[in-house]
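These notes are about the structure you will find just below.
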Protein chains: 2
Amino acid sequence: MKVMRAVNTKQCVPIIYALLQLIIFYGGRNVVTGVWPLPHALTVFPERYPLNPRTFYFDYGRHSATQQGCSVLDAAFRRYLWIIFPDYTAENGQFAANNSFNLHISTDHNDCENYPNEDSSERYNLSVSAGQASLNAATVWGILRGLETFSQLVYQDEHGSYFVNKTYIEDFPRFQFRGVLLDTSRHYLPVYAILKTLDAMSYSKFNVLHWHIVDDPSFPYQSRSFPNLSNKGAFHPETHIYTQSDARRVISYARMRGIRVLPEFDSPGHTRSWGKGQSDLLTPCYKGGAPSGAFGPVNPALQSTYRFMTALFKEVSSVFPDSYIHLGGDEVDFSCWRSNPHVRVFMQKMGFGGDFPKLEAFYVENLVNITSALNKTSIVWQDVFDYHERRSALSVVEVWKHGCYLCKVRQVTKAGLRVILASPWYLDLPGPTHNWARYYTVWPLAFPGSEKQKKLVIGGEVCMWGEYVDATNLFPKLWPRASAAAERLWSDEKQTSSVERASPRLEDFRCKLLRRGIQAGPLYVGHCKHEYQGV
Amino acid sequence: MKVMRAVNTKQCVPIIYALLQLIIFYGGRNVVTGVWPLPHALTVFPERYPLNPRTFYFDYGRHSATQQGCSVLDAAFRRYLWIIFPDYTAENGQFAANNSFNLHISTDHNDCENYPNEDSSERYNLSVSAGQASLNAATVWGILRGLETFSQLVYQDEHGSYFVNKTYIEDFPRFQFRGVLLDTSRHYLPVYAILKTLDAMSYSKFNVLHWHIVDDPSFPYQSRSFPNLSNKGAFHPETHIYTQSDARRVISYARMRGIRVLPEFDSPGHTRSWGKGQSDLLTPCYKGGAPSGAFGPVNPALQSTYRFMTALFKEVSSVFPDSYIHLGGDEVDFSCWRSNPHVRVFMQKMGFGGDFPKLEAFYVENLVNITSALNKTSIVWQDVFDYHERRSALSVVEVWKHGCYLCKVRQVTKAGLRVILASPWYLDLPGPTHNWARYYTVWPLAFPGSEKQKKLVIGGEVCMWGEYVDATNLFPKLWPRASAAAERLWSDEKQTSSVERASPRLEDFRCKLLRRGIQAGPLYVGHCKHEYQGV
């Protein structure tokens with residue numbers, strides 16, 4: 001057995017690099033294992049301890065603020081027992097009856113019934129020694145992250161026996177906001193596909209599901225207040241919708257995994273499907289002095305628009321508990337507004353002249369005020385920042401355009417606004433997308449700016465737009481490529497700057513995803529011990 | 001009801017164009033249906049007949065050469081009953097008990113126990129009228145194609161009732177060879193994934209599975225004569241192999257669907273995995289006058305090489321009944337041969353001087369002779385044609401390189417050799433692969449040449465190389481994009497030259513694939529009535 005030296009990341013970065021791949025030699029056989037995304041401080045010792053699924057126990061420490069009955073953790077223990085011991089069934093008895101192992105959990109706070117939010121700590125410490133491990137965190141969300149890490153430390157030898165090595169870990173996320181965007185308008189995604197995405201997200205420590213729920217092609221959200229929006233705007237009013245109960249199920253499933261659900265109701269553009277079930281909402285376009293029959297963006301000139309939006313966002317705010325809401329605001333085409341004489345009269349009245357960006361800024365600011373009154377922090381796409389003069393009215397800007405996206409990050413943070421970075425992580429885009437490394441070699445803070453500016457970059461997001469994506473190809477397109485971004489958003493940048501060193505760990509992690517039933521695509525030529533069995 | 005005119009393709013091409021999308025209006029509701037790939041002559045009348053799964057019967061015509069007990073057709077009837085009536089279970093009784101419908105089958109030959117081959121006729125005539133349909137063909141393979149067509153003519157109204165319209169069809173393939181290449185060396189594909197691919201192939205009327213079974217990364221074929229090839233060359237000697245029984249199962253499953261299985265044992269390059277289980281087969285590379293420890297292509301200078309290949313191909317020929325065999329011959333790197341003093345001595349002895357293409361030609365010609373003696377027609381990749389001086393020794397050349405591939409097709413046919421075209425159908429390649437139209441707008445005969453030359457283009461092939469493909473993403477990558485190529489290879493080119501007209505039919509066909517359990521990816525924004533439920 002090759003002895004591995006105990007190291008501490010801060011003291012001994014080069015040795016940690018050698019350990020990143022955690023190539024552990026047992027009797028001449030290599031067991032490649034690792035943790036993805038990489039913890040900030042990780043020390044693995046050569047001592048290994050056998051684990052027996054029949055005598056493996058989770059328990060709450062005596063001084064823990066959470067105790068049995070904590071919904072989030074009790075459910076996580078059940079889930080992770082199956083994840084840690086994938087071969088385990090009550091019948092198979094190949095495991096020695098001794099070797100009991102206790103994983104002691106302890107939290108500072110009892111937030112078992114809360115939702116995770118933008119201030120939730122996800123920090124945890126994990127210490128594995130003979131017969132036991134201690135997992136400590138301020139919150140249940142930190143415990144969830146630590147359980148995921150622990151599950152990735154366990155491995156099987158060639159006989160199927162389970163082991164974990166003596167290990168110390170101190171870990172915390174680099175960025176607070178680590179999102180995955182799903183688009184359920186261009187193609188409808190069945191609820192089970194969203195739930196399975198939440199499972200996979202938790203394995204990569206993502207913590208925000210950005211649900212781009214409606215858009216031009218369809219309006220699958222079934223509104224209590226405005227049922228016609230989905231009755232007429234969904235692809236099908238019964239089979240291709242999300243009921244209130246579906247939304248609650250997604251939110252609850254996400255909460256159990258420490259994931260926030262951020263709904264986006266994008267306007268004033270991208271709203272064609274809204275118009276089918278809500279008359280007088282979209283702007284009638286004119287041609288030759290008369291309505292052409294076509295409709296453009298939401299009509300910003302009507303009082304009824306703001307009454308409708310107030311009622312809709314009131315409902316949405318009650319369904320989605322997260323304190324953030326995404327208002328969209330991207331890609332507004334002004335030609336229809338320009339064609340409409342009533343809109344032009346309104347602009348004169350408001351003193352906007354012919355300045356359509358002013359009109360859009362007026363519209364978005366109204367929506368920001370509506371959602372502020374509902375105690376929501378609004379996120380907008382960068383377009384809104386670009387045309388807005390009174391930028392102080394904004395809070396969080398999502399940078400999505402290509403080109404020099406860090407220039408935009410710099411500009412937005414200079415204006416004192418928070419940034420979510422999406423530009424480098426459009427995973428749906430065609431092109432040489434085989435190469436996961438392009439999502440890995442992204443440096444979100446590599447722009448000239450003050451420490452204060454850097455702190456305003458609250459995170460990033462993987463976007464899976466739906467033009468060419470539905471339940472048939474979502475998983476192999478998203479995983480494990482999204483996991484590359486996940487490590488960038490969670491781990492220390494210096495420790496994870498090498499694609500070469502990350503590669504075998506990501507290969508290994510992809511095999512873990514397959515083992516857990518996630519249809520994660522291949523990275524390159526090779527194989528997993530347990531191939532995907534789901535066709 | 002909008003009356004559709006009866007037409008005949010030859011007389012009335014413009015009207016056929018209008019019918020291609022088969023938009024049939026019933027009580028104001030559009031039922032878009034169609035057949036993919038498009039039959040050569042198709043006439044659909046407005047009269048529709050209800051079908052009842054309980055009283056729908058296949059039967060053999062009195063004068064048919066095939067009768068009950070015909071393995072291929074009896075199995076096809078069982079299969080297509082479920083495909084035609086996807087909602088049907090013995091319990092549900094929403095269908096009226098009357099309306100019996102008989103599909104009469106008649107063949108000229110009894111080839112029920114044969115394998116399809118390069119001369120098999122797939123021509124069929126189908127005539128649907130009140131209460132019955134007649135499906136006539138020379139062979140059972142033609143009947144299989146006609147059953148597929150019939151299954152695509154049946155549709156459901158909004159209440160779930162089944163209908164078929166009065167229809168006349170005369171149909172036959174444009175090209176005799178319509179293949180799909182699967183690569184099971186770069187990633188192992190479980191047998192069920194291959195079988196499911198055969199199902200999907202039959203829906204698009206593909207008739208050749210080109211099984212690129214071994215290559216550099218792994219040797220999953222379990223040889224009776226040389227068990228060490230897979231014991232040492234497979235990714236795993238037990239879980240990542242194809243046993244003789246697996247191969248037989250694939251061949252039998254393919255036969256039942258009128259599909260030939262064309263095995264490829266690519267050499268002398270692409271053989272790294274062979275060397276693990278067969279010593280003295282690969283060329284030892286030299287560095288500084290001594291063997292470097294690395295190995296290159298198969299060693300063409302040793303008698304033992306040809307003894308081994310004779311024994312291997314004898315076995316392979318007995319396992320794979322098809323009269324074609326693919327010998328590969330692509331991408332041979334000469335540097336290792338050049339480095340080896342024994343190879344150089346051999347070349348002097350043979351009078352090749354320093355001409356390595358001559359050496360490769362010598363090697364391939366030996367293999368062609370070995371397989372000819374086994375009554376096999378050999379296919380080689382275009383590289384072999386390019387360096388071969390005595391081209392008359394060759395039979396079928398597969399054109400795969402990019403650039404002006406039609407120039408190569410012209411050149412090969414001018415030399416009197418048969419061509420299989422693969423270049424435009426590398427579906428695994430990254431790039432703007434979203435667009436199925438690039439696989440549709442391929443004109444295999446658009447090169448200057450004689451009629452005789454055009455006839456030498458025996459078909460084409462969709463290639464799904466395995467670098468980035470395994471069972472997790474094979475299906476949404478292959479389907480329905482391969483179907484675009486399938487229509488090019490089956491249908492009349494003039495009738496299928498428009499992407500715009502093909503688009504709604506392909507959308508509809510893709511939904512049919514989903515309904516049949518094939519994880520076919522989306523073409524663009526939209527939905528199917530029955531979305532994929534397999535996650």
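Worth saying up front: this structure is predicted, and the values here are computed from it rather than measured. In the text below, chain A, chain B and the rest are named by the order of the sequence lines, each starting its count at 1.
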- [ ] Test salt bridge (Lys or Arg N to Asp or Glu O under 4.0 Å) on B:D183 and B:R186 and set out the steps.
- [x] CA-CA 7 Å; B:D183 169 2; B:R186 291 179 175 87; 2.8 Å; yes
Open item on the list: If you count heavy-atom pairs within less than 4.5 Å of chain A, which of B:S218, B:G526, B:G517 leads?
Closed with: B:G526
Open item on the list: Which atoms of B:L514 are under 4.5 Å from chain A, going by heavy atoms: the side chain, the backbone, both sets, or neither?
Closed with: side chain
- [ ] Find out whether the Lys NZ or Arg CZ of B:R516 is both under 6.0 angstrom from the six-membered ring centre of B:Y203 and within 45° of the ring's axis.
- [x] yes
Open item on the list: Under 3.5 Å, is there a donor on one side chain and an acceptor on the other for B:T472 and B:D470?
Closed with: yes
Task: Option in A:H527, A:H236, A:E467, A:K529 with maximal non-hydrogen atom pairs under 4.5 Å from chain B - done: A:H527
Open item on the list: Can you see whether A:H240 engages B:E531 through a side-chain donor-acceptor pair at a distance of less than 3.5 angstrom?
Closed with: yes
